[in-house]
Structures are given as structure tokens and as C-alpha cells.
Student: 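Mind looking over this structure? Questions follow.
Any value given below was found using the heavy atoms of this structure, including those in side chains, with hydrogens, waters and symmetry copies removed. We count ligands from 1, going down the list as the structure has it; atoms in each ligand are counted the same way.
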Amino acid sequence: MKDDCIFCKIANHVIESDYVYEDDLVCAFRDMNPAAPTHVLVVPKEHYATIVDGVPQETLAAMAKAIDEVVKSEGIDESGFRVITNAGPDADQVVKHLHLHVLGGRFLGESLLAE
Ligand code: 5GP
Ligand code: ZN
């Protein structure tokens with residue numbers, strides 16, 4: 001765990017959050033500034049900076065399973081959803097701990113990008 005990392009703290013319950021799913025490798029909790037009716041962050045418990053920071057296959061599989069569990073429990077598996085991960089400055093990654101945004105619960109627009 002990285003001591004100065006907010007998502008390390010939330011994923012390991014040093015700071016509590018609004019969790020919607022958890023297993024040994026990952027957890028999922030509600031974004032504090034939601035962009036859609038469902039806006040959940042899927043976060044590994046170990047610290048990785050981005051999706052391409054040597055994340056083990058087992059952890060990637062756990063993240064995929066977490067998406068599956070979250071979209072079902074949120075009731076958006078049929079209506080649809082979007083999964084986004086920001087990596088680095090051009091993507092405006094703010095929190096430097098790998099996280100997947102799972103968004104849904106309304107029509108998310110035709111454009112992949114806001115601008
Ligand atoms: P990024 O731009 O890094 O992909 O997005 C970071 C996301 O984390 C933002 O949507 C922001 O609202 C969310 N976030 C940042 N700090 C916290 C926090 O302490 N708790 C929760 N629940 N969400 C956070
Ligand atoms: Zn971290």
C-alpha cells in the first residue's frame with residue numbers, strides 16, 4: 001500500500017467509502033462526484049498506477065468480474081453501461097491509482113469523448 005494514495009486507503013478500508021462490491025483482489029465503490037446515476041469505481045487493492053503498470057492477469061480478471069457483478073447489482077446489465085480508465089496527462093488522470101469508471105443508468109451520449 002502506498003501511504004499517500006487515497007485509493008490504496010479506500011480499497012484497504014483505512015478510509016471507508018460507499019462500497020458496492022469487494023473480493024480478495026479488488027473493490028468497487030461509488031464515485032464521490034457521480035457523472036451518471038450509476039458511477040462506480042473498480043479499484044485493485046494493490047497499487048498500480050495505470051492499466052498498463054504490470055497488473056497481474058488474476059487482478060485483471062477480478063476487475064472484469066467486478067464489472068459484471070456491479071452492472072448486475074445496479075440493474076444496468078441490460079440497459080447498457082460504459083467502462084472508462086484514464087491513464088496519464090492526456091487522459092486527465094487525477095488519481096494515480098488504477099481505477100475503472102463504470103457508468104450507466106441513463107443514455108450516455110453518442111460521442112465517446114466530451115470534447
Ligand atoms: P480520474 O480523473 O483520475 O480518472 O478520476 C478520479 C475519480 O475519482 C473522479 O471521478 C473523482 O470524483 C473520484 N474520487 C476522487 N477522490 C475520491 C474519494 O476520496 N472518494 C470517492 N468515492 N471518489 C473519489
Ligand atoms: Zn494506491
Student: Is there a side-chain contact between Ile10 and Val43 in this structure, where contact means two heavy atoms from C-beta onward sitting under 4.5 Å apart?
Tutor: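 No - every pair of side-chain heavy atoms lies 4.5 Å or more apart.
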Student: Would you please determine whether Leu41 falls within less than 4.0 Å of ligand 1 on a heavy-atom basis?
Tutor: yes
Student: Does His101 have a non-hydrogen atom less than 4.0 Å from ligand 1?
Tutor: yes
Student: Report yes if the side chains of Tyr21 and Val42 come closer than 4.5 Å at any heavy-atom pair, otherwise no.
Tutor: no
Student: Just need the protein heavy atom nearest to atom 2 (O) of ligand 1, so name the residue and atom and give the distance.
Tutor: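 Among all protein heavy atoms, the one nearest atom 2 (O) of ligand 1 is Asp92 O, 3.2 Å.
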Student: My understanding is that we take every heavy atom of each candidate and find the minimum distance to atom 7 (C) of ligand 1. Doing that for Ile84, Asp31, Ile10, which one comes out nearest?
Tutor: Asp31
Student: Are a donor atom and an acceptor atom from the side chains of Glu46 and His97 found within less than 3.5 Å of each other?
Tutor: no
Student: May I ask you to list the atoms of ligand 1 that are less than 4.0 angstrom from any heavy atom of Asn86?
Tutor: 1 (P), 2 (O), 4 (O)
Student: Classify the contact between Arg30 and ligand 1 as side chain, backbone, both or neither, using a heavy-atom distance cut-off of under 4.0 Å.
Tutor: backbone
Student: Have a look at ligand 1 and work out which part of Val94, if any, has a heavy atom under 4.0 Å from it: side chain, backbone, both or neither.
Tutor: both
Student: Taking the basic N atoms (NZ, or NE/NH1/NH2) and the acidic carboxylate oxygens, is any pair closer than 4.0 Å for Arg30 and Glu74?
Tutor: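 Yes, this pair counts.
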Student: Could you see which bit of Phe7 sits under 4.0 Å from ligand 1, with heavy atoms only: side chain, backbone, both or neither?
Tutor: side chain
Student: If we ignore hydrogens and angles and just use 3.5 Å, is the side chain of Asn12 paired with the main-chain N or O of Lys45 as donor and acceptor?
Tutor: yes
Student: Answer yes if the ring centres of His47 and Phe7 are under 6.0 angstrom apart, and no otherwise.
Tutor: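 For His47 and Phe7, the ring centres are not under 6.0 Å apart.
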Student: Is Thr50 reaching over with its side chain to a backbone N or O of Val52, donor-acceptor style, under 3.5 angstrom?
Tutor: yes
Student: Restricting to N, O or S, what is the name of the atom of His47 that lies nearest the Zn ion (ligand 2)?
Tutor: ND1
Student: Looking only at N, O or S atoms, which one in His97 sits nearest to the Zn ion (ligand 2)?
Tutor: ND1
Student: Short list, please: which atoms of ligand 1 are under 4.0 Å from a heavy atom of Asn33?
Tutor: 12 (O)
Student: Tell me, which protein residue and heavy-atom name are nearest atom 18 (C) of ligand 1, and how many Å apart are they?
Tutor: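 Looking at atom 18 (C) of ligand 1, the protein heavy atom closest to it is Met32 SD, 3.6 Å.
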Student: Measuring only between side-chain heavy atoms, which start at C-beta, is Val83 closer than 4.5 Å to His101?
Tutor: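 Val83 does not reach His101 side chain to side chain.
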Student: Has ligand 1 got any nitrogen or oxygen that is less than 3.5 angstrom from a nitrogen or oxygen of His99?
Tutor: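 For ligand 1, there is an N or O atom that lies under 3.5 Å from one belonging to His99.
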Student: Whether the side chain of Thr38 engages the backbone of Gly105 through a donor-acceptor N/O pair (distance < 3.5 Å, no angle test) should be reported.
Tutor: no
